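Source: prediction; values computed, not measured. Just so you know, these numbers use all the heavy atoms, side chains as well, and skip hydrogens, waters and symmetry mates. Chain letters run A, B, ... following the sequence lines, proteins first, then strands; residues in each count from 1.
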Amino acid sequence: MEKWPQTPKKEKAEEKRLPPLPNVDEVKQVVTRFSPNPDCVLHLGSARAILLSHEYARVYNGKFVLRFEDTDPKVKRPSLEFYDYIRQDLAWLDCKVDEEYIQSDRIPIYYEYAKRLIGDGNAYVCTCVPDEFREKTVNKEPCPCRDLSPQEHLERWQQMLDGGYPEGSAVVRVKTDLNHPNPAVRDWPALRVIDSAKYPHPRVGSKYRVWPLYNMAAGVDDHLLGITYIIRGKEHLTNGVRQEYLYRHLGWEYPQAIHYGRLKITGAFLSKSKIVEGVKSGEFAGWDDPRLATFAALRKRGITAEAIKKMIVDVGPKPADVTLSWENLYSYNRKILDPQCDRYFFVADPVKLTVKNVPKAFDVKLPLHPEKPEGGVREYTVTPTGEEAAVSVWIAKTDAANMEGGKVVRLMELFNVKIEAASDAAVQAVFVSESYEDVRKVRAQLIHWIPVGEEFPCSVVMSDASSVAGFAEGACKKLKPDAVVQFERFGFVRIDAAAEKLEAYYAHK
RNA sequence: GCUCCGGUAGUAUAGUCCGGCCAAGUAUAGUGGCCUCUCGAGUCACGGACCCGGGUUCGAAUCCCGGCCGGAGCACCA
């Protein structure tokens with residue numbers, strides 16, 4: 001150990017890393033898991049769970065497990081479509097799944113442990129009505145079922161499995177300390193009866209009447225699957241306490257748990273029920289409606305998985321709640337997009353600008369990327385026609401609105417013009433000069449343009465789901481879906497479709 | 001009500017465990033300059049924070065006590 005390390009000054013641009021996992025030397029291998037209920041698509045609210053779990057597994061050369069927690073066919077009923085959506089989202093996030101499990105395939109395993117717990121007197125079948133049970137435990141008193149013999153409870157258990165108890169009339173409880181200061185942990189419910197004919201499970205149908213609750217299923221699985229680090233939201237804090245009783249009964253050692261705070265993003269609602277409701281009612285166009293913070297929507301808008309990951313790693317696993325702003329995400333994304341995206345002109349709400357007295361034809365070469373001159377160009381020729389030697393180009397309505405007689409503006413990379421007359425419908429101008437230097441010192445406005453005849457219809461869906469119609473330049477005809485480009489002076493967009501016309505989704509400035 | 005967890009600039013984060021290098025670093029957002037044939041990027045500068053009150057100490061963002069504020073759990077949900 002160096003007593004006086006020559007601590008160098010902190011490097012400024014140092015990449016932020018995750019804090020080290022506690023007690024890593026005590027485990028053979030780091031195994032983490034992400035365990036969603038497939039009752040909705042994934043959204044930014046799950047990003048911490050996914051990316052932290054996956055990232056820690058990678059950093060320590062461990063394993064990352066995906067486990068579908070689909071043990072509630074009634075209240076939070078899973079739906080078949082979401083299993084695959086979730087797999088796709090993880091793949092998109094570049095989170096490779098080393099092992100996958102589905103709890104609805106593992107019901108007999110939970111039964112086995114339930115039986116063992118009951119037989120050992122560590123769990124019991126409670127037939128009390130919930131209110132009466134609650135009344136007892138709040139006062140630290142056992143319910144009438146608790147002290148019956150294990151033998152009797154085994155018989156009740158068999159009856160539960162055989163259909164002898166209708167839904168709601170019996171529940172298996174794991175024994176805890178009735179004096180535990182937190183009433184919420186006292187003799188928690190582990191398995192319950194669900195009318196499987198009425199509420200068939202989307203995967204296994206009506207095969208099971210008895211379903212494990214979260215703490216039973218997750219608790220058993222975390223041990224059986226060798227999970228060494230549970231990384232989950234702090235709303236699970238008391239579940240950890242509850243599960244420790246289960247582990248003690250079974251002679252297991254509870255994994256290490258890291259509880260992070262809730263992640264929100266300003267203005268976005270990250271409530272699964274609202275998302276599902278809104279999509280089903282048609283309020284949202286789909287799971288990828290740009291107003292949603294689902295991964296599907298972010299992907300559609302050209303937000304990169306890399307940006308999301310970087311942001312989550314920067315935020316880290318601390319237990320404080322965080323409310324991120326979209327600007328923050330955009331900034332991460334912009335850093336990734338800016339160096340790699342080609343530039344094109346997109347004219348929103350086009351207005352025709354006619355320039356007179358153009359002395360000659362101009363061949364223009366517009367670089368695809370300002371910092372990469374070798375990266376290629378878009379080429380256009382503008383040729384004056386008619387007695388007035390006129391050239392017509394499309395410009396954005398917002399630019400046209402800024403024009404007034406006498407004002408000099410530069411059509412980027414083309415030439416300078418002086419405005420003669422401007423209205424919402426058309427702008428008249430006259431050629432002034434070609435050189436950029438001429439107008440640079442007077443700081444003339446630089447505007448983008450598309451030659452009339454070179455336009456390609458394009459609509460951009462904005463982040464509030466509104467749509468902006470306009471023209472993209474002709475070179476955009478060769479763009480393929482999924483390309484992310486920057487429409488200069490407009491923002492980054494992801495091309496969603498490119499056939500008769502271009503359809504794009506707006507990412508951010 | 002009971003139990004638990006948090007609180008550093010607009011937002012997020014570093015530092016808190018092991019008090020001094022923190023008159024608090026970084027990112028983003030804001031403002032201004034430079035640069036640039038994008039209102040983009042880059043670059044330089046500026047403004048901006050330790051929830052409050054006591055205590056311990058030569059010294060507290062960091063330790064102790066009290067308070068305030070925020071969040072979560074208290075489901076036969078996950």
Which donor-acceptor pairs under 3.5 Å do the side chains of residues 132-144 of chain A make with protein atoms, sequence neighbours left out?
residue : atom : partner : partner atom : Å
A:T137  : OG1  : A:F133  : O            : 3.0
A:T137  : OG1  : A:R134  : O            : 3.2
A:N139  : ND2  : A:E135  : O            : 3.0

Those residues at least two apart in sequence (or on a different chain) that pass ring pair (Phe, Tyr, Trp, His ring centres under 6.0 Å) with A:Y165 are none

Can you check the distance between B:rC22 and B:rA9, where both ends of the measurement are the C1' atom (answer in whole Å)?
15 Å

Sequence-distant partners of A:H223, ring pair (Phe, Tyr, Trp, His ring centres under 6.0 Å), two or more places apart
A:W252

Measuring from the side chain of A:P319 (C-beta onward, heavy atoms only), which nucleotide among B:rU3, B:rG6, B:rU28 has the closest atom?
B:rG6

Could you give all pairs that pass the salt bridge (charged side-chain N to carboxylate O under 4.0 Å, His left out) test and reach residues 41-50 of chain A, with sequence neighbours left out?
none

Using a cut-off of 4.0 Å on non-hydrogen atoms, how would the nucleic acid contact of A:R334 be classed: base, sugar-phosphate, or nothing?
sugar-phosphate

Listed by chain and number, what are the side chain to side chain donor-acceptor pair (under 3.5 Å) partners of A:E306, not counting sequence neighbours?
none

Please determine if a side-chain N or O atom of A:K509 lies less than 4.0 Å away from the OP1 or OP2 oxygen of B:rU38.
no

Listing request: all salt bridge (charged side-chain N to carboxylate O under 4.0 Å, His left out) pairs with a residue in residues 157-186 of chain A, at least two apart in sequence or in separate chains.
A:K74-A:E167

Of the residues in residues 437-448 of chain A, which ones touch RNA chain B at a heavy-atom distance under 4.0 Å?
A:R440, A:L446

Going by the rule side-chain contact (heavy atoms from CB on, under 4.5 Å), which residues pair with A:P373 if we only count those two or more places apart in sequence or in a different chain?
none

Under 4.0 Å between any heavy atoms, over every strand shown, what does A:P339 touch: base, sugar-phosphate, or nothing? Just pick one.
nothing

Which residue pairs satisfy the side-chain hydrogen bond (donor to acceptor under 3.5 Å, both in side chains) criterion with at least one member in residues 393-402 of chain A, sequence neighbours excluded?
A:W394-A:E455, A:D399-A:R489

What pairs of residues pass the salt bridge (charged side-chain N to carboxylate O under 4.0 Å, His left out) test when at least one of them lies in residues 231-243 of chain A, not counting sequence neighbours?
A:K234-A:D321

Summary of protein contacts for nucleotides 65-78 of chain B, nucleotide by nucleotide, where a base hit scores B, a sugar-phosphate-only hit scores S (4.0 Å, heavy atoms):
------SSBSSBBB

So what does A:T266 hit on the nucleic acid, given a heavy-atom distance under 4.0 Å: a base, only sugar-phosphate, or nothing?
nothing

Pairing string, 5' to 3', for RNA chain B - Watson-Crick or wobble contacts under 3.5 Å, brackets [ ] where pairs cross, | to another strand:
(((((((..((((......[....)))).(((((.......)))))....(((((..]....))))))))))))....

Taking the side chain of A:V322 as heavy atoms from C-beta outward, which of B:rC37, B:rU11, B:rU13 is closest to it?
B:rU13

